[in-house]
Amino acid sequence: MHPHSPAATGLTRRGVLVGTAAFAGAAATATAPAAEAAPGRPPRATVFRNVRPYGAKRPTDLVAVDGLLTSGPAPHGAEVVDGGGRIALPTLVDAHIHPDKTAWGEPWVSRNPAGSIAEYAEEDVKLYHALRTPLEERAERLMGHAVTRGTRAMRAHADVAPAFDLAGVEGAGSARRNLRHALDVEIVAFPQHGVIRTPGTRELLEEAARTGAVDRVGGIDPIGFDEALDEQLDVVFGIADRHGVGVDIHLHERAATGLESLRAIIARTRALSLQGKVTVSHVFCVPGLPERELDQLAAELADAGISLTTVAPSSDLVLPVDRLRAHGVEVGLGSDGVRDSWSPFGNADMLHRAHLLAWVGDARLDEELEAAFRTGADGGARLLGLPETDLEPGSPADFLLVRGECLAQILVDLPQRDLVVRAGRVVARDGELTGR
């Protein structure tokens, strides 16, 4: 605990997921936001007065100088922001989100029945053509909304397939550039339609990586969906190896099928010396494993430097975060899809997602609630190669201010994010972006 803290079913998104038995490349992606002072330029400084880090009893000041918190006095001429006794908490990291698919902010969309990943992918295409707002505007709208809720960084999966060409990657890239003052973004070229089963996809993945438009290439259910375990992984890992990008593979496969795919991913990661550059998302074959088998698998994942992400979809599909972390496996938390063709739900609010992680994990104790928050804050930061934020001197000046009693109560009640600070600058106030 931190020193400031208190002691398968129908035709639904979840049903399909249940039934389907930094790495930084581009300059604008997950890099520490602090800027060094240029020669002759006075430091950029802000004092946030009267705030309570992690709900401390006595208010204090947080002094930000050139993007970092400092213990020294504020430089002359520093801007002053009154926190009004609000609680300061680190901003969070969305380790898995699909901003290119979203209908967030659009007129209501009535979804059609679908019962397989292939059918949902067809609905993605229909929605893409039906929405009038350009993809890059929708992606930026959602990503900006995430900032106002306290997200400081995200890993954005953008669909790559002949049906879209590279529109999703380009749209996410445009949003990343426009929001670079407020948000760090990694982009994954994600083959939702399959790498092998959809001709033309591997060439688009190659192009996205070769041109530097993405930081990672993805894959999806090599056995259960693509039906080509070795061929898919050879393509994905080959592209990553040739172009120096990372890997992030969606793995919904369960039981023995999922474990077969996961062990093939571990083997290729070791063979190509890609330790620390590979993530597997969802990983539904891990929850429910017997303890001995889970411990052995976790040790293999840690040795290969493979990280995992969960979106906390349910109590039986959420990853056992604490046990994995005990073995050295990094685990991040993400939003997944937000109001897309798969589901009308989702809100890109990582504090709410940490709330859901605590909910499905049946958290009761304050330290259990805090652990869920830290997964959303620190777990994602480690995945994206960002420094963790702990509100201590030397920490990135990335935090949010809310009214409340303590971290545990805030995670349960989800109050409005009154102020969001990135690199010492206020980037959102009362739910609205404040400018650049």
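Start at 1 with the first residue, then count along the sequence.
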Taking only residues two or more places apart in sequence, or in another chain, which ones meet Ala130 in a side chain to side chain contact (heavy atoms under 4.5 Å, CB included)? none
Determine, for Glu140 against Arg176, whether the closest basic-nitrogen to carboxylate-oxygen distance falls under 4.0 angstrom. no
Is there a donor-acceptor pair under 3.5 Å between the side chain of Thr257 and the backbone N or O of Glu253? no
Applying side chain to side chain contact (heavy atoms under 4.5 Å, CB included) to Asp322 and not counting sequence neighbours gives none
Residues in side chain to side chain donor-acceptor pair (under 3.5 Å) contact with Ser307, at least two apart in sequence or another chain: Thr279
Donor-acceptor pair between Asp248 and Ser281 side chains, under 3.5 angstrom: yes
Strictly below 4.0 Å, N to O, side chains only: are Arg417 and Asp349 in salt-bridge contact? yes
I'd like to know if the side chain of Arg44 reaches the main chain of Ala423, judged simply by a donor and an acceptor atom lying under 3.5 Å from each other, with no hydrogens or angles considered. yes
Within residues 158-179 or reaching into it, pairs that qualify as ring pair (Phe, Tyr, Trp, His ring centres under 6.0 Å) - sequence neighbours excluded: Tyr128-Phe164, Phe164-His193
Taking only residues two or more places apart in sequence, or in another chain, which ones meet Thr133 in a side chain to side chain donor-acceptor pair (under 3.5 Å)? Glu106
Sidechain-backbone polar pair: Ser174 side chain, Gly171 backbone, donor-acceptor under 3.5 Å: no
State whether the side chain of Thr102 and the backbone N or O of His98 hold a donor-acceptor pair below 3.5 Å, judged by distance alone. no
Excluding sequence neighbours, so at least two apart, what forms side chain to side chain contact (heavy atoms under 4.5 Å, CB included) with Arg403? Arg86, Asp418
Donor-acceptor pair, Thr151 side chain versus Ala153 backbone, under 3.5 Å? no
Solution key, residues 351-359 side-chain donor-acceptor pairs under 3.5 Å, sequence neighbours excluded:
unit_1 : atom_1 : unit_2 : atom_2 : d
His352 : ND1    : Asn347 : ND2    : 3.2
Arg353 : NH1    : Val311 : O      : 2.8
Arg353 : NH2    : Ser335 : O      : 3.3
His355 : ND1    : Leu411 : O      : 2.9
His355 : ND1    : Val412 : O      : 3.4

Any salt bridge linking Arg138 with Asp340? Criterion: basic side-chain nitrogen under 4.0 Å from a carboxylate oxygen. no
Could you check whether Arg422 pairs with Asp184 (Lys NZ or Arg NE/NH1/NH2 to Asp/Glu carboxylate O, under 4.0 Å)? yes
In terms of side-chain geometry, is the basic nitrogen of Asp159 or Lys101 positioned less than 4.0 Å from the acidic oxygen of its partner? yes
With sequence neighbours left out, the residues meeting side chain to side chain contact (heavy atoms under 4.5 Å, CB included) with Ile196 are Arg202, Asp226, Ala228, Glu231, Gln232, Val235
Give a yes or no on whether the backbone of Ile223 and the side-chain of Glu227 come within a donor-acceptor separation of less than 3.5 Å. no
Which residues satisfy the ring pair (Phe, Tyr, Trp, His ring centres under 6.0 Å) test with Phe48, sequence neighbours excluded? Phe399
Run Leu262 and Leu251 through side-chain contact (heavy atoms from CB on, under 4.5 Å) and show every step you take. CA-CA 8 Å; Leu262 187 56; Leu251 191 63; 4.1 Å; yes
Partners meeting side chain to side chain donor-acceptor pair (under 3.5 Å) with Asp82 (sequence neighbours left out): none
Look at the side chain of Gln409 and the backbone N and O of Glu405, then say whether any donor-acceptor pair between them is shorter than 3.5 Å. yes
Would you say the side-chain atoms of Ser315 pair up with the backbone N or O of Val360, donor to acceptor, closer than 3.5 Å? no
Non-neighbouring partners of Arg52 that pass side chain to side chain donor-acceptor pair (under 3.5 Å), sequence neighbours left out: none
Do the numbers put Arg339 on top of the ring of Phe345, so that NZ or CZ is under 6.0 Å from the six-membered ring centre and no more than 45° off the axis? no
Examine distances only and state if a side-chain atom of Arg323 and a backbone atom of Leu294 form a donor-acceptor pair shorter than 3.5 Å. no
Any Lys/Arg nitrogen of Arg216 or Glu186 sitting under 4.0 Å from an Asp/Glu carboxylate oxygen of the other? yes
Give a yes or no on this: more than 12 heavy atoms of other residues, nucleotides or ligands lie within 6.0 Å of atom CZ of Arg429. no
Side-chain donor or acceptor of Asp61 paired with backbone N/O of Asn50 under 3.5 Å: yes
When the ring planes of His157 and Phe190 are compared, do they come out parallel, tilted or perpendicular, using 30° and 60° as the limits? perpendicular
The ring pair (Phe, Tyr, Trp, His ring centres under 6.0 Å) partners of His243 (sequence neighbours excluded) come to none
